[in-house]
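To find a chain, count down the sequence lines: A is the first, B the second, and so on, and within it residues start at 1. Hydrogens, waters and symmetry mates are skipped; everything else that's a heavy atom, side chains included, is used.
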Amino acid sequence: MSDVASAAPDSGDDHSRGGLHEQTIARLNNRDAQSAAGFDAHPYSFARSHSAAELLAAHPGSDHPGGEAAPLESGQTWPGEQYALAGRVMSFRHMGGAAFADVQDQSGTVQVYFGKKVSEQFAATKNIDLGDIVGVSGTPFVTKTGQLTLEVHAWQPLVKSLHPLPSKFHGLQDDELRARRRYVDLMINPESRAVFQTRAAVVRHIRRFLDERDFMEVEGPTLQTVPGGTEAKPFRTHHNALDHEFSLRISLELYLKRLLVGGFERVYEIGRTYRNEGVDRTHNPEFTMLEAYFAYGDYSDMMRLVETLLHSLVVAVKGEPKLTYQGRELDFSLPFRRLDFVTALREAAKLDFDPLDLAKLRVWSDEHHPEHRKTPGYKLLDKLGGEYVEPLLQNPTFLTDMPLVISPLVKAHRSREGLAERADLYVAGFELAPIYSELNDALEQRARFEAQTQRRDAGDDEAHEQDEDFLLALEYGMPPSAGMGMGIDRLTMLLADRDSIRDVLLFPLLRPEAKQGGQSD
RNA sequence: GGGACGUUAGCUCAAUCGGUAGAGCAGCUGACUUUUAAUCAGCGGGUUGUAGAUUCAAGUUCUACACGUCCCA
């Protein structure tokens, strides 16, 4: 009996001693047994010589039976090669005088062998639990089945896992638990690890791509007096020392533009933004945006940059300019398709009038879409575009020359009345990246803000707020510039073939778990 | 905000018409010196999300709530 178990109150059932779960007690008992055998339960370090992948790579053909590589010769040994590995015990097969374990580190999984005659402290291996992290050292050999395996001569526990691993066969399936205990998801589900490795590769590629083109990475403030750059409801918070209400940023745009005024000609930021809106399969209240701006170009120049970026990204991650998303193959070959918004809407909705004629559009919409009767006229174009045009845009497509009324920060089109020099990139039916010729006429920008303010006064709480400090910056002169924004989360969904943003966020926002006996307001 | 569905052992899942809540893995005890979802024998483990209601009897029916998934707005 261990101290833990024997010291527990004698009042209840064995399995509830000390309020701990049966399986936790069993593991604490095993830890105590290892301590009794002379092991330190929490050593400070372990001198690892190699990763699992390095050991496997040193002797190729050493995959599991049934693998594609040619099997190694059974019985082969390399007594001169010493390896010290560390990792989590994912599987343990004990057979009296011999035992096999699968040890997983970040690079991969290696089978290790404990033998009664070759491994020190062999008896104590029975106190290793699934999920424990151990350090092992020894020499490689090839088993009867042709699998490269490390024969362990010395080993030590590095930390005990006090909870059992999820089913080794089924893994962790419950989507909520996977998100709440992401660490368990990561240790047990290799495909989940792969998603976040893909995400890191995406961000790394974007940074390298932009850095190579002389863009400078910057950081704007997340606490802002006037949250701007898009239409969204912000989170509000209070700064005590200044006794002032701030908002968390809803986009990166207006501060990057201030830097264009300041003379930085190519800037980008990859950063967290916050929108106080609903949570669903494609929305999380905090998410990561890329925004990039360069001076002396327009939206056509930016479209070329964006398609080059995405093409190179898909090639870098997938090895070819194609990917499969939710069963559909998407082709990122250059150049991406350009599709005129007005023409596309007119054809898709079979309109016999110019959709920019908002009065006619209103009449038509009220007849065909009574559910939009309360939608303001200026948002109707956007709504109808979403219904009729977006689903058609599977392969990467720039939807060009969007209505001016929904683009308060964009230059009016140089030749087409009522339109803006704005192109929205769509992939797989959703908007991935808006691209602008940025409005740099300070007086025009002021007038646009005032129109937004009127909408806000009329009850549209998503309308853009007026930002006097930003207007002052514009009055100093911002060079003609192009800008773009892109959701990193959605981009990762595409590349990792996931249909929920929750799957590509390590720690998505979840409703707090109800506490037992907790007070509710 | 509305609707549908779901919540059972640590994990993955069963439980027929309302009638003693089960299995596999994990755990414990034992056997086993090349296993790999190891195998074999035995043993524990449950306030069936929470709170009520109906009933002789509720995992199962009803109500509310919590959390989740999907669809709609």
Q: Kindly say whether, by distance alone, the side chain of A:Q111 makes a donor-acceptor pair under 3.5 Å with the base of B:rU35?
A: yes
**Q.** B:rA58 versus B:rA53 - spacing of their C1' atoms, nearest Å
**A.** 11 Å
Q.
Measuring only the C1' atom in each nucleotide, how far is B:rA14 from B:rA23? A whole number of Å is fine.
A. 7 Å
Q | Pairwise P distance for B:rG59 and B:rA15, with rounding to whole Å | A | 15 Å
Q) For the pair made of CG in A:L172 and P in B:rC13, what is the distance, rounded to whole Å? A) 10 Å
(Q) Does A:E277, at its CD atom, have more than 12 non-hydrogen atoms belonging to other residues, nucleotides or ligands within less than 6.0 Å? (A) yes
(Q) Under a 3.5 Å distance rule, please check whether A:R93 uses its side chain to pair with a backbone N or O of A:A98 as donor and acceptor. (A) no
Q) Considering Watson-Crick and G-U wobble pairs with both distances under 3.5 Å, what does B:rU20 pair with? A) none
(Q) Using whole Å, what does the distance between atom P of nucleotide B:rG1 and atom CG of A:D280 come to? (A) 14 Å
Q | Distance-only donor-acceptor check, side chains A:S192 and A:N189, under 3.5 Å | A | no
**Q.** Residue-phosphate contact under 4.0 Å: A:H170 side-chain N/O, B:rC11 OP1/OP2
**A.** no
Q.
Mind checking if A:I188 touches a base, just sugar-phosphate, or nothing, with heavy atoms under 4.0 Å?
A. nothing
**Q.** Aromatic ring proximity, centroids under 6.0 angstrom, A:W155 and A:F39
**A.** yes
Q) In terms of base orientation, is B:rC5 syn or anti, with the syn window spanning 90° either side of 0? A) anti
Q | Opposite nucleotide pairing with B:rG1, Watson-Crick or G-U, both atom distances under 3.5 Å | A | B:rC72
Q: Please state the P separation for the pair B:rA4 and B:rG42 - nearest whole angstrom.
A: 48 Å
Q | Check against side-chain contact (heavy atoms from CB on, under 4.5 Å), A:F92 and A:T125 | A | CA-CA 10 Å; A:F92 208 105; A:T125 59; 4.1 Å; yes
Q) Closest to the A:E176 side chain: B:rC67, B:rG10, B:rU33? A) B:rC67
Q: Using a cut-off of strictly less than 4.0 Å, decide whether A:K168 has a side-chain nitrogen or oxygen near OP1 or OP2 of B:rC11.
A: no
Q) Short question: side chain of A:R88, backbone of A:G131 - any donor-acceptor pair under 3.5 Å? A) yes
Q. Under 4.0 Å between a side-chain N/O of A:T24 and OP1 or OP2 of B:rG10, yes or no?
A. no
Q.
So does A:L505 get a backbone contact from the side chain of A:R182, meaning a donor-acceptor N/O pair under 3.5 Å?
A. yes
Q | Parallel, tilted or perpendicular, as decided by the 30° and 60° cut-offs, for the rings of A:H50 and A:Y83 | A | tilted
Q. Starting at the 5' end of RNA chain B and moving along, which residue's nearest nucleotide shows up first, A:G171 or A:F141?
A. A:G171
Q: Take the protein atom CD of A:E22 and the nucleotide atom C1' of B:rC43, then report the distance between them rounded to whole Å.
A: 11 Å
**Q.** Candidate nucleotides B:rU12, B:rU33, B:rG68, ranked by approach to the side chain of A:R511 - the nearest
**A.** B:rG68
Q. Counting only Watson-Crick or G-U wobble pairs whose two distances fall under 3.5 Å, which nucleotide matches B:rC40?
A. B:rG30
Q: Please determine, for the side chain of A:M95, which listed nucleotide (B:rA38, B:rU33, B:rC11) has the closest atom?
A: B:rA38
**Q.** B:rG6 - base-pair partner by Watson-Crick or wobble geometry, distances under 3.5 Å
**A.** B:rC67
Q | B:rU35 phosphate, OP1 or OP2, under 4.0 Å from A:R93 side-chain N/O | A | no
Q.
In whole Å, measure the gap between the C1' atoms of B:rU63 and B:rG19 for me.
A. 24 Å
Q: For B:rC25 and B:rC65, measure between their P atoms and round to the nearest Å.
A: 42 Å
Q | Between B:rG30 and B:rG44 - C1' atom distance, rounded Å | A | 15 Å
Q. With respect to the side chain of A:R180, which nucleotide from B:rC11, B:rC71, B:rG68 is positioned closest?
A. B:rG68
Q. Under a 3.5 Å cut-off for both distances, is B:rU47 Watson-Crick or wobble paired, and to whom?
A. none
Q) Under 4.0 Å: is that the gap between some side-chain N or O of A:R281 and OP1 or OP2 of B:rU69? A) no
Q.
Whole angstroms only, please: what is the NZ-P distance between A:K116 and B:rU34?
A. 12 Å
Q: Quote, to the nearest angstrom, the C1' distance that separates B:rA21 from B:rA9.
A: 11 Å
Q. Do any side-chain nitrogens or oxygens of A:N30 fall under 4.0 Å of OP1 or OP2 in B:rC28?
A. yes
Q | Atom pair distance, as rounded to whole Å: CD in A:Q76 and C1' in B:rU34 | A | 16 Å
Q: Take the protein atom CG of A:L150 and the nucleotide atom P of B:rU34, then report the distance between them rounded to whole Å.
A: 18 Å
Q: Determine whether any donor atom in the side chain of A:T143 lies under 3.5 Å from an acceptor atom in the base of B:rU35, or the reverse, and answer yes or no.
A: yes
Q) Is A:K379 atom NZ crowded by more than 12 heavy atoms from other residues, nucleotides or ligands, each under 6.0 Å away? A) yes
Q: May I ask you to say what A:D175 touches in the nucleic acid, namely base, sugar-phosphate or nothing, with a heavy-atom cut-off under 4.0 Å?
A: nothing
Q: Could you please name the partner base of B:rG52, counting Watson-Crick and G-U wobble pairs only when both distances are under 3.5 Å?
A: B:rC62
(Q) Rounding to an integer number of Å, can you tell me how far A:R178 CZ sits from B:rU69 C1'? (A) 13 Å
Q | Side chain of A:D129 (C-beta onward), nearest among B:rU12, B:rC28, B:rU33 | A | B:rC28
**Q.** Of A:R502 and A:S167, the one whose closest RNA chain B nucleotide lies more 5'
**A.** A:S167
Q | G-U wobble or Watson-Crick pairing nucleotide for B:rA14 (cut-off 3.5 Å, both distances) | A | none
(Q) Just to be sure I understand the rule, does A:S91 reach a base, reach only the sugar-phosphate, or reach nothing, if contact means heavy atoms closer than 4.0 Å? (A) sugar-phosphate
Q: To the nearest Å, give me how far apart CG (A:L177) and C1' (B:rC11) are.
A: 9 Å
Q | Listed nucleotide nearest any side-chain atom of A:F100, set B:rU35, B:rU33, B:rG44 | A | B:rU35
Q. Using a cut-off of 4.0 Å on non-hydrogen atoms, how would the nucleic acid contact of A:Q23 be classed: base, sugar-phosphate, or nothing?
A. base
